[in-house]
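Proteins come first, then strands; the chains are lettered A, B, ... in the order of their sequence lines, and each starts at number 1. Nothing here was measured: the structure is a model prediction, and the numbers come from that model.
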Protein chains: 2
Amino acid sequence: MKEGRRHYGQYCGLAAALDVIGERWTLLIVRELLVAPRRYNELLANLPGIGTNLLAVRLKLLGEAEVVEQLTSDPDGRARRYRLTERGQSLRPMVLGLARWGMPLLDEPDPQDEVRPEWSLVAVEAMLGTPAAGAPEERYQFQISGKDGREEVFHLEIKEEIAMIVPGPALAPDLLAVTDAVTFVEIGAGRLDPLEAVVLGRLRLDGDSGAVLRCCRLLGLIPSAPG
Amino acid sequence: MKEGRRHYGQYCGLAAALDVIGERWTLLIVRELLVAPRRYNELLANLPGIGTNLLAVRLKLLGEAEVVEQLTSDPDGRARRYRLTERGQSLRPMVLGLARWGMPLLDEPDPQDEVRPEWSLVAVEAMLGTPAAGAPEERYQFQISGKDGREEVFHLEIKEEIAMIVPGPALAPDLLAVTDAVTFVEIGAGRLDPLEAVVLGRLRLDGDSGAVLRCCRLLGLIPSAPG
DNA sequence: CTGCATCCGCCTCGATACTG
DNA sequence: CAGTATCGAGGCGGATGCAG
């Protein structure tokens with residue numbers, strides 16, 4: 001926090017945090033890396049509008065702050081990826097909290113807006129409010145397709161009353177949800193009822209109705225059962 | 001999120017949140033209002049460097065986003081204060097989380113840095129990690145003095161295994177901690193041991209040693225008792 | 001005196017071009 | 001593929017002006 005860069009100059013934890021992760025784009029970079037380690041160009045592709053110079057500056061700063069590290073697995077220097085350090089991972093609850101806080105702000109999806117199926121992972125994790133108390137051990141698989149036809153596959157696994165996000169398909173999913181990224185976010189934002197999405201043909205749900213209800217409840221899409 | 005202002009253009013909760021509270025100074029304004037409703041000039045005084053125009057712009061935007069509202073209690077229009085709405089209050093866990101995340105980043109206090117005793121309220125709340133399970137019902141009073149001689153008084157009340165921050169003095173505090181804002185933050189940042197601060201004469205603790213230990217444990221200053 | 005609005009210099013940001 | 005260099009536009013910071 002020396003001279004040169006702009007900083008708040010307050011001896012306060014929040015100000016110190018914002019000096020590191022408060023600048024434009026920084027938390028979105030962290031969001032990307034919360035999903036998985038990424039290459040430089042992957043980050044550029046998933047953060048349209050950032051400009052390559054700024055991404056380089058941010059990554060360097062995040063590296064100095066030990067939030068991000070780059071692992072150069074390949075000996076010839078190519079194929080280096082950026083990954084969150086432990087300290088970076090510890091930003092997860094705050095990032096998820098902000099993501100949840102912002103979801104109701106989402107309006108009609110603008111066709112100009114970017115939507116990536118990878119973000120669904122973070123969205124689902126943010127929606128996991130209530131710990132899955134008393135829920136049976138089961139697996140809900142999600143297949144979210146992007147505009148370019150790519151499909152992100154992950155599943156939610158409930159084990160010992162704890163729900164976990166796991167990349168990739170489940171072995172024997174009790175529920176399969178297939179949709180596109182826009183529909184998925186609209187449902188998460190509360191702008192679209194899951195049932196309505198099914199009727200509109202924008203969401204396909206395979207599984208028994210009990211699993212559907214439990215999954216929706218887990219994601220806060222319908223109120224938890226009273227009493 | 002229409003044209004005019006700069007925005008991320010991502011259909012994603014986090015991006016939507018950052019479009020509202022991601023700009024410079026905004027979360028620091030929220031921090032100020034988390035402590036108490038404030039007047040325009042109070043905000044200006046507690047946020048050195050912001051520039052009055054920017055504060056006005058931020059407050060207007062926060063108002064439109066329904067994060068902040070102004071209450072004009074006084075009929076003649078004077079004495080209008082800014083206050084967080086319910087939606088603004090719901091940012092509290094994320095702000096506290098970021099404050100806690102940033103505290104270890106605090107280095108040697110720069111004499112140029114601003115330190116305000118009001119921030120101690122947020123700092124203490126951020127340090128309250130573990131719920132006070134099994135703790136006896138007692139009250140720890142804090143008196144944090146600023147450079148200008150003002151003193152912020154509040155106390156921590158443990159009731160039914162829940163710790164609460166309450167502004168103002170306690171009725172019969174089991175512990176009284178008197179210090180200055182810099183020392184307080186340094187202790188919170190883990191740069192200064194409470195015991196060392198007492199020896200240096202920068203912290204005065206009145207109360208029995210059991211209360212001191214329980215208070216320190218509650219604030220994460222010493223590891224919780226094992227087992 | 002409080003609560004802003006206006007103006008201006010500078011620094012950050014965003015887009016494009018270019019290099020190892 | 002992974003950045004660096006450059007430059008125009010606009011956000012930011014500080015000083016000042018002004019109305020209630």
Side-chain angles (χ1 to χ4, degrees), chain A residues 2-10 15 18-29 32-33 37-64 68-83 112 114, chain B residues 1 3-10 15 18-29 32-33 37-64 68-83 112 114:
Chain A
K2 294 284 170 295
E3 278 311 312
R5 285 184 49 251
R6 187 186 275 174
H7 64 285
Y8 287 112
Q10 297 187 0
L18 293 177
D19 278 337
V20 174
I21 49 83
E23 287 170 307
R24 195 164 162 74
W25 291 108
T26 305
L27 274 187
L28 291 181
I29 296 173
E32 288 301 312
L33 298 179
R38 295 252 182 255
R39 312 272 288 275
Y40 188 89
N41 281 353
E42 292 182 290
L43 290 173
L44 267 185
N46 276 339
L47 299 170
I50 190 180
T52 168
N53 54 350
L54 198 53
L55 177 57
V57 170
R58 292 290 185 266
L59 285 173
K60 190 193 309 195
L61 179 62
L62 286 174
E64 290 169 4
V68 162
E69 61 191 352
Q70 51 179 314
L71 43 121
T72 38
S73 53
D74 210 330
D76 58 352
R78 300 170 67 84
R80 58 192 111 167
R81 328 186 82 147
Y82 290 91
R83 171 173 73 171
Q112 295 220 324
E114 200 70 27
Chain B
M1 252 6 79
E3 277 312 311
R5 285 183 51 251
R6 187 186 276 174
H7 63 285
Y8 287 111
Q10 297 187 359
L18 293 177
D19 278 336
V20 174
I21 50 83
E23 286 170 307
R24 196 164 162 73
W25 292 108
T26 305
L27 274 188
L28 291 180
I29 296 173
E32 287 302 311
L33 298 179
R38 295 250 182 255
R39 310 272 293 275
Y40 187 89
N41 281 353
E42 292 181 291
L43 290 172
L44 219 48
N46 276 339
L47 300 170
I50 190 180
T52 167
N53 54 350
L54 198 52
L55 177 58
V57 170
R58 292 288 184 268
L59 285 173
K60 190 194 305 195
L61 179 63
L62 286 174
E64 291 169 2
V68 162
E69 61 190 354
Q70 51 180 312
L71 47 118
T72 38
S73 55
D74 211 329
D76 57 353
R78 301 172 64 84
R80 63 192 110 166
R81 326 187 90 169
Y82 290 90
R83 170 173 72 171
Q112 295 221 323
E114 201 70 26

Minimum heavy-atom distance B:Arg5-B:Asp19, with the two atoms named = NH2-O, 2.8 Å
Distance, nearest 0.5 Å, that separates CD of B:Glu32 from CG of B:Leu44 = 11.0 Å
5′-ward residue of the pair A:Leu59/A:Tyr8 relative to DNA chain D | A:Leu59
Using the test ring-ring contact (aromatic ring centres under 6.0 Å, His included), find all partners of B:Tyr8 that sit at least two apart in sequence or belong to another chain.
-> A:Trp25
Close side-chain approach of B:Leu28 and B:Asn46, heavy atoms under 4.5 Å = no
Taking NZ from B:Lys60 and P from D:dG11, how many angstroms apart are they, rounded to a whole number?
-> 14 Å
Between C:dG14 atom P and B:His7 atom NE2, what is the distance in whole Å?
-> 12 Å
Measure the CD-CG distance between B:Glu114 and B:Leu47 for me, rounded to the nearest 0.5 Å.
-> 9.5 Å
Rounded to 10 degrees, the angle between the two terminal axes of the helix from C:dC1-D:dG20 to C:dG20-D:dC1, each from five pairs | 30°
Just to confirm, is there a sub-4.0 Å distance from OP1 or OP2 of C:dC4 to any side-chain nitrogen or oxygen of B:Tyr82?
-> yes
Can you measure from CD1 (B:Ile21) to CG (B:Leu62) and round to the nearest 0.5 angstrom?
-> 9.0 Å
Polar pairs (N or O, both sides) under 3.5 Å between protein and nucleotides 7-10 of chain C?
unit_1	atom_1	unit_2	atom_2	d
C:dC7	N4	B:Asn53	ND2	3.4

Looking at A:Arg58, does any N or O in its side chain come under 4.0 Å of the phosphate oxygens OP1/OP2 on C:dC13?
-> yes
Testing C:dA5, D:dG13, D:dA2 for proximity to the side chain of B:Ala56, the answer is C:dA5
Rounded to the nearest angstrom, tell me the gap between atom CG in A:Asp19 and atom P in D:dC12.
-> 15 Å
Assess whether side chain to side chain contact (heavy atoms under 4.5 Å, CB included) is satisfied between A:Arg80 and A:Leu71, documenting all intermediate values.
-> CA-CA 6 Å; A:Arg80 58 192 111 167; A:Leu71 43 121; over 6 Å; no
In chain order, what residues pass the side chain to side chain donor-acceptor pair (under 3.5 Å) check against A:Glu69, with sequence neighbours excluded?
-> A:Arg83
Taking only N and O in the side chain of A:Arg5, is any of them less than 4.0 Å away from OP1 or OP2 of C:dC11?
-> no
Rounded to whole angstrom units, what separation is found between the CZ atom of A:Arg38 and the P atom of D:dA2?
-> 13 Å
Taking CD from A:Gln70 and C1' from D:dG3, how many angstroms apart are they, rounded to a whole number?
-> 11 Å
With the side chain counted from C-beta on, respond yes when A:Leu61 and A:Glu23 share a heavy-atom pair under 4.5 Å apart, and no when they do not.
-> yes
With respect to the phosphate group of D:dA2, does any side-chain polar atom (N or O) of A:Arg81 fall under 4.0 Å of OP1 or OP2?
-> no
Report the distance from atom CG of B:Leu61 to atom P of D:dC12, rounded to the nearest whole Å.
-> 11 Å
Answer whether the closest heavy-atom distance between the side chains of A:Arg81 and A:Glu42 falls below 4.5 Å.
-> yes
Rounded to the nearest 0.5 Å, the OH atom of A:Tyr82 sits from the CD atom of A:Gln70 at a distance of 4.0 Å
Which whole-number value in Å describes the distance from B:Trp25 CH2 to C:dC11 C1'?
-> 15 Å
Near DNA chain C, under 4.0 Å by heavy atom, which residues of residues 41-52 of chain B?
-> B:Asn41, B:Thr52
Rounding to a whole Å, what distance do you find between A:Leu54:CG and C:dT12:P?
-> 11 Å
Counting just side-chain N and O atoms, does A:Arg24 come under 4.0 Å of either OP1 or OP2 of D:dG11?
-> no
Under 3.5 Å, which donor-acceptor pairs do the side chains of residues 49-59 of chain A form with other protein atoms, sequence neighbours left out?
unit_1	atom_1	unit_2	atom_2	d
A:Thr52	OG1	A:Tyr40	OH	2.8
A:Arg58	NE	A:Arg24	O	2.9
A:Arg58	NE	A:Thr26	OG1	3.3
A:Arg58	NH2	A:Arg24	O	3.3

